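Reviewing the structure listed below.
Predicted model, so just to flag it, every value in this text is computed and none were measured.
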Amino acid sequence: MAARVKAHELRGLTKAEMLKKLDELKTELSQLRVASVTGGAASKLAKIKIVRKGIARVLTVYNQTQKAKLRETYADSKYMPLDLRAKKTRKMRRALTKDELSRVTVKALKKKQNFPMRRFAVTA
């Protein structure tokens, strides 16, 4: 594991391959930590950071792909889990829809039909 883990390479891997890669990185990290405690070389100490970042990268790509797959499965369903819905703001999420905004009560509808807006002739 000399080279850095690249995100675009990880996106091409399957779920099993990604988990295998994660396992390899975790075992390597544990070996490096043992080496640091026993007074290992400086190169091994510097490699700890690279391996940690690699683990984070694998987990990030893994979670992103999982979420993308879930979005696909719930795309045409009526309800969607909260974490897959659009975040927006609380105010925007609670705002009335366009349909709800355009609705009028029966009384208001009768009033509008029976008493339309007056038209005045304005002379210039």
Side-chain angles (χ1 to χ4, degrees):
M1 288 270 130
R4 282 179 59 228
V5 179
K6 296 203 169 34
H8 70 91
E9 292 170 358
L10 289 172
R11 290 186 199 288
L13 301 177
T14 62
K15 181 180 172 182
E17 289 171 334
M18 256 192 274
L19 290 173
K20 186 176 178 238
K21 186 90 161 167
L22 181 67
D23 215 32
E24 289 171 10
L25 288 167
K26 282 185 175 181
T27 53
E28 187 179 359
L29 181 64
S30 64
Q31 289 168 358
L32 289 169
R33 284 200 172 129
V34 168
S36 71
V37 169
T38 56
S43 62
K44 282 196 174 183
L45 297 177
K47 202 173 178 192
I48 289 176
K49 182 181 176 183
I50 296 166
V51 175
R52 284 180 63 234
K53 301 285 180 186
I55 290 170
R57 231 174 246 115
V58 171
L59 285 171
T60 301
V61 171
Y62 179 76
N63 288 329
Q64 283 176 348
T65 52
Q66 291 288 94
K67 202 158 228 186
K69 286 176 186 171
L70 279 172
R71 279 186 207 281
E72 286 174 20
T73 55
Y74 283 102
D76 51 351
S77 62
K78 186 176 179 183
Y79 299 109
M80 191 179 281
L82 293 176
D83 62 331
L84 297 180
R85 293 179 193 173
K87 180 79 168 106
K88 298 183 182 176
T89 61
R90 187 166 188 221
K91 185 179 179 181
M92 286 173 77
R93 288 194 304 265
R94 279 155 181 71
L96 295 174
T97 61
K98 287 180 181 176
D99 181 51
E100 290 168 338
L101 278 169
S102 65
R103 280 192 190 154
V104 183
T105 61
V106 176
K107 186 176 181 179
L109 189 66
K110 283 181 184 176
K111 185 179 175 184
K112 187 178 178 183
Q113 286 170 344
N114 295 329
F115 305 100
M117 183 71 78
R118 292 183 187 173
R119 291 183 191 86
F120 298 99
V122 180
T123 55

Is [X] atom [atom1] crowded by more than 12 heavy atoms from other residues, nucleotides or ligands, each under 6.0 Å away?
X: Lys6; atom1: NZ; answer: yes
X: Arg93; atom1: CZ; answer: yes
X: Arg52; atom1: CZ; answer: no

Which heavy atom in [X] sits nearest to a heavy atom in [Y], and how many Å separate them?
X: Tyr62; Y: Lys15; result: OH-CE, 3.2 Å
X: Arg57; Y: Arg4; result: NH2-NH2, 2.8 Å
X: Leu22; Y: Ile55; result: CD1-CG2, 3.7 Å
X: Val58; Y: Lys21; result: CG2-CG, 4.2 Å
X: Ile48; Y: Leu29; result: CG2-CD1, 3.9 Å
X: Tyr74; Y: Tyr79; result: CD2-O, 3.7 Å

About how many Å separate CG of Leu32 and CG of Leu25, when rounded to the nearest 0.5 Å?
-> 10.5 Å
Interatomic distance, CD@Gln31 vs CD@Glu28, rounded to 0.5 Å, equals 7.0 Å
Okay, side chain of Asn63, backbone of Leu59: is any donor-acceptor separation there less than 3.5 Å?
-> yes
Just jot down the side chain to side chain contact (heavy atoms under 4.5 Å, CB included) partners of Pro116, sequence neighbours excluded, or say none.
-> none
Working for side chain to side chain contact (heavy atoms under 4.5 Å, CB included), residues Met18 and Thr65 | CA-CA 11 Å; Met18 256 192 274; Thr65 52; 4.1 Å; yes
4.5 Å side-chain heavy-atom contact, Asp83 and Lys67 = yes
Are any of the side-chain heavy atoms of Arg11 and Gln64 separated by less than 4.5 Å?
-> yes
Take Leu70 and Thr73 through the test side chain to side chain contact (heavy atoms under 4.5 Å, CB included) and record every step on the way to the result.
-> CA-CA 5 Å; Leu70 279 172; Thr73 55; 4.2 Å; yes
Applying salt bridge (charged side-chain N to carboxylate O under 4.0 Å, His left out), run through Lys20 and Glu24 and close with a yes or a no.
-> CA-CA 6 Å; Lys20 186 176 178 238; Glu24 289 171 10; 3.8 Å; yes
Determine, step by step, whether Val104 and Lys112 satisfy the side chain to side chain contact (heavy atoms under 4.5 Å, CB included) criterion, reporting the C-alpha distance in whole Å, the side-chain angles of both residues, the deciding distance to 0.1 Å, and the verdict.
-> CA-CA 10 Å; Val104 183; Lys112 187 178 178 183; over 6 Å; no
Listing, residues 33-46 side-chain donor-acceptor contacts under 3.5 Å, not counting sequence neighbours, or none:
{"unit_1": "Ser36", "atom_1": "OG", "unit_2": "Arg33", "atom_2": "O", "d": "2.7"}
{"unit_1": "Thr38", "atom_1": "OG1", "unit_2": "Val34", "atom_2": "O", "d": "3.0"}
{"unit_1": "Thr38", "atom_1": "OG1", "unit_2": "Ala35", "atom_2": "O", "d": "3.1"}

